[in-house]
Amino acid sequence: CADSQNVRLAESVAEHLRGRQEMSLACYKTLMKVYALNGRYGKACELYDEIKQHGWEPDAVMYGSVVKFAAKAGRTDLVHELAEKLEGGCIRNYMWLIRSAGQDGDVKRAVDTFRKLQSTQPELVDVMAYNVTIDACASNKQMALAKQLFEEMRKEYPINLVTCNTIMKGHCVAGDLDSARRTLKEMDESDITPDAASFSCLLRAAAQKLDYKETCRIIAELDRRKLPLDSYVISIMMQLSRKLPDSRDAYKALSILDRPDVLIFEDEVVFNTVVDACIYRRDYKHLSRAIDGYPSSKVRASVRTYGLLIKCCAILRRTQGCWNFWDEMVDRRGIIPNDVTLGCMIDALVEAQRVEDAVALFRDWKTKVTCDTIIYSTLIKGFASIGDADRAMALFQDMRTDGVESNHIVFTALINAHAKNGLMKRAEQLMEEMDKEGCKPNAITYSTIIRGHCVRGDLSSALQVFEQMVDCGFRADAVIFNTLLDGCVQHRNFDLADELLLKMKNTKVAPSNFTLSIIVKMWSKRGDLDKAFEVVRSALEDSTGPKVDAQVGACIVGACIHNRAPERALEIFEEMKTWPSFDGPDNNTYAALISGLPRLGYLRKAVELTDEACVRLNTNPGQDKRLLAPSALAQLFRALRCERVLQELGPSLAAKLRKAGMAVDDKWLAQ
């Protein structure tokens, strides 16, 4: 079990031995190893509590291991308990005690432990003992004490790379990049060759200041010295990519993953950091590489890694891939999912419109995994997405029966389930019930109510709710404005839309990509195609603003078709294929062209694009089928019949569509 890291099997064997009262100290030691190899240090520590109940006395090696696990699990209480038992032990045990004190921010305890070692077992004091103590001081910004120990150490031992790096790290933790650079200069002058870790300190400090240019200079220096970009460098750049305000710089930071010397599959922590950053930035290219490279990698996934892998597949629309990772985790590895990983899988199924599968998975695991409010709210959102308000309410009642606490997210999802169906009276009752239970509505809750009124075309009521929200002290955000704007555009109230856009600007509410799509549709309906293009062009040039995504792409193409400008539609369609980090053209974009071009005299081009869609929309292995709207295909075949080319083009087109997994009605081929 330890070699295969199969937690479930190990726990089953241990349970069997407990039942027969045959659990030995050696068995506990092995089960600890299984937990530790899977990063479950807290569970390993719990076994020590069980060992004490038996009245057994672990050996020195086991005590040392438990201290290490306790330090990694943040079990300060256990570290303190074991400290006395480890006095007079090996140097490794002292190291863990000092490290644990440093991690707790207790510099005094770290130094006191070191001084006790000096006074009781001076023969054990070496460079490593000094380095660990200096690190405890430097990590907690106690640089005066760190330098004091440094000067004390250099009287006994020659200066070494690790000590210099530790001093550099301390300066960087304190935000003193200049002092860190002076230490680097002193290293060069003392013929101590800096390594990648030396520059990682500088890189982290620059990244914390969001100084992208400085990070580039540091990486260039690493390259000049022919030092490898190690796991720390990669992790720092990934964390930086998440925090940079300029999306262009963020994607440049992620482009480090394109270097052949950057290895992301050697270490689980690095792999997780890379995937997490790419998920955050919706970097589809590098997410695909991560998923495709994982099976042959050295990464031994933990439960957290599986959650990220599942989330990654969901973003890439690879629902079967989500299932494959789930089955690998549960069946092949015997790892019990936690609430986060179960939530990721349920969310992936809901996003893929597989609500029934999500519910079935929930029913299977709800007695084995603590299902929190997030999981219930995700399922309720799923029912809302398919317009099933009754089942959403039934699940809400189950949630209450199971003793799971409600919050504003759950109530908002319930309100949405009713508002989407225009059941505004019940939606407003839920809002009142929400308030009575102490769950205060937030901006999203108000947005949901506003959207419900907009669906019914009742803009007056929508505005009343908006004013009520403002009176309650809420600041309207992009979600609220988008909801009202969309309602105005849908019902052609352009004057009110203009007022809202002006108010949005004056209150400094940043638009989102959905805002862009609404504005493009607005100018399309107003017959001003140039204005619609201006919106898209401005967004493409503004790296700090909302990202132009597939939805915006579909809207600008649809605007061209609506305004009878097929040439411009085709031009922007080809251009968007070159936009950086663009997740389109999507099936909606193709559908707009396929259904619209025949009406504008471009029938054969529509057929050509249908052929292209069959290939382009389904080229990635494992990706969910992205189907063209049946209504768009029906219009295309109708146009083929009207132009008397159905017999010539219809059968081959139908065969390609069916091969791509799209349904073709036999009636479409009837002459």
Side-chain angles (χ1 to χ4, degrees), residues 243 245 280 372-378 380-381 384-385 389 392-393 396 399-400 404-491 493-519 522 544-547:
K243 297 175 182 177
Y280 183 81
D372 59 9
T373 307
I374 296 174
I375 291 177
Y376 277 97
S377 64
T378 301
I380 291 171
K381 287 177 187 176
S385 69
M393 284 301 298
F396 178 60
M399 178 180 171
R400 285 183 159 176
V404 179
E405 188 176 349
S406 300
N407 61 13
H408 67 277
I409 298 174
V410 173
F411 273 107
T412 300
L414 282 170
I415 290 168
N416 187 41
H418 290 82
K420 285 187 75 171
N421 291 312
L423 303 172
M424 294 310 300
K425 185 175 181 180
R426 181 61 182 130
E428 288 168 349
Q429 288 172 348
L430 281 166
M431 194 166 180
E432 292 174 4
E433 185 178 338
M434 173 183 183
D435 190 54
K436 288 177 183 177
E437 293 199 11
C439 296
K440 298 299 180 183
N442 61 6
I444 298 176
T445 313
Y446 280 106
S447 172
T448 303
I449 293 289
I450 291 169
R451 185 183 299 111
H453 288 305
C454 289
V455 166
R456 300 178 65 185
D458 189 354
L459 293 180
S460 177
S461 295
L463 284 171
Q464 286 179 9
V465 175
F466 176 79
E467 295 299 334
Q468 178 188 345
M469 182 199 76
V470 173
D471 291 341
C472 289
F474 285 98
R475 181 178 180 271
D477 59 8
V479 175
I480 294 287
F481 277 109
N482 287 344
T483 303
L484 280 169
L485 276 172
D486 195 42
C488 291
V489 172
Q490 291 290 338
H491 299 286
N493 191 334
F494 301 129
D495 290 339
L496 180 55
D498 289 338
E499 289 179 25
L500 289 169
L501 286 171
L502 181 60
K503 189 168 187 177
M504 197 173 180
K505 182 179 179 181
N506 291 339
T507 54
K508 297 181 180 179
V509 174
S512 66
N513 50 357
F514 186 46
T515 314
L516 293 181
S517 67
I518 296 169
I519 297 173
M522 179 188 74
T544 62
K547 180 183 175 184

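The shown structure was predicted, so the numbers you read here are calculated from the model rather than taken from an experiment. Residue numbers start at 1 and run along the sequence shown.
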For the pair M393 and L414, evaluate side chain to side chain contact (heavy atoms under 4.5 Å, CB included) and give the outcome as yes or no after the intermediate values.
-> CA-CA 7 Å; M393 284 301 298; L414 282 170; 3.7 Å; yes
So does E405 have more than 12 non-hydrogen atoms from other groups sitting under 6.0 Å from CD?
-> no
What residues form a salt bridge (charged side-chain N to carboxylate O under 4.0 Å, His left out) with K243, not counting sequence neighbours?
-> none
In chain order, what residues pass the salt bridge (charged side-chain N to carboxylate O under 4.0 Å, His left out) check against D498, with sequence neighbours excluded?
-> R526
Taking salt bridge (charged side-chain N to carboxylate O under 4.0 Å, His left out) as the test, write out the residues that go with D477, two or more places apart.
-> none
Between atom CD1 of I518 and atom CG of N482, what is the distance when rounded to the nearest 0.5 Å?
-> 4.5 Å
Which pairs pass salt bridge (Lys or Arg N to Asp or Glu O under 4.0 Å) with one or both residues in residues 466-476, sequence neighbours excluded?
-> none
Heavy-atom pair with the smallest gap, counting every atom of A476 and I480 | CB-CG2, 4.2 Å
Taking every heavy atom of P441 against every heavy atom of M431, the minimum-distance pair comes out as CB-CE, 3.8 Å
Among residues two or more places apart or on two chains, list those pairs meeting salt bridge (Lys or Arg N to Asp or Glu O under 4.0 Å) that have a residue in residues 431-451.
-> R400-E433, R400-E437, D435-K440
Any donor-acceptor pair under 3.5 Å linking the side chain of D372 with the backbone of I374?
-> yes
Value for NE2 (H408) from OG (S377), rounded to nearest 0.5 Å, stands at 9.5 Å
In chain order, what residues pass the ring pair (Phe, Tyr, Trp, His ring centres under 6.0 Å) check against F474, with sequence neighbours excluded?
-> Y446
Looking only at heavy atoms, which two atoms of K547 and L516 are closest? And how far apart?
-> O-CD1, 4.2 Å
Can you see which heavy atom on M399 is nearest to which on S406, and at what distance?
-> CE-CA, 3.8 Å
Run the numbers on Q464 and H453 for side chain to side chain contact (heavy atoms under 4.5 Å, CB included), then give the verdict.
-> CA-CA 10 Å; Q464 286 179 9; H453 288 305; over 6 Å; no
A389 to A417 - nearest heavy-atom pair and separation | CB-O, 3.8 Å
Once you round to the nearest 0.5 Å, how far does CD of Q429 lie from CD1 of I415?
-> 11.0 Å
Are T412 and T448 linked by a side-chain donor-acceptor pair shorter than 3.5 Å?
-> no
Output for pair (L484 CG, E499 CD), nearest 0.5 Å, gives 11.5 Å
Without swapping roles, check the side chain of S447 against the backbone of A443 for a donor-acceptor pair under 3.5 Å.
-> no
Student check: side-chain heavy atoms of L500 and M504 closer than 4.5 Å = no
For residues H491 and L459, report the shortest heavy-atom separation together with the two atoms involved.
-> CB-CD1, 4.4 Å
When rounded to the nearest 0.5 Å, the distance separating CG of D458 from CE of M424 is 8.5 Å
Full working for side chain to side chain contact (heavy atoms under 4.5 Å, CB included) between V410 and T373 | CA-CA 7 Å; V410 173; T373 307; 3.3 Å; yes
Quick one: CG on D486 to OG1 on T515, what's the gap to the nearest 0.5 Å?
-> 10.5 Å
Any side-chain heavy atom of F411 sitting closer than 4.5 Å to one from T445?
-> no
When you look at CG of L463, are more than 12 heavy atoms from neighbouring residues, nucleotides or ligands closer to it than 6.0 Å?
-> yes
Answer yes or no: are there more than 12 heavy-atom neighbours, outside L496 itself, under 6.0 Å from its atom CG?
-> yes
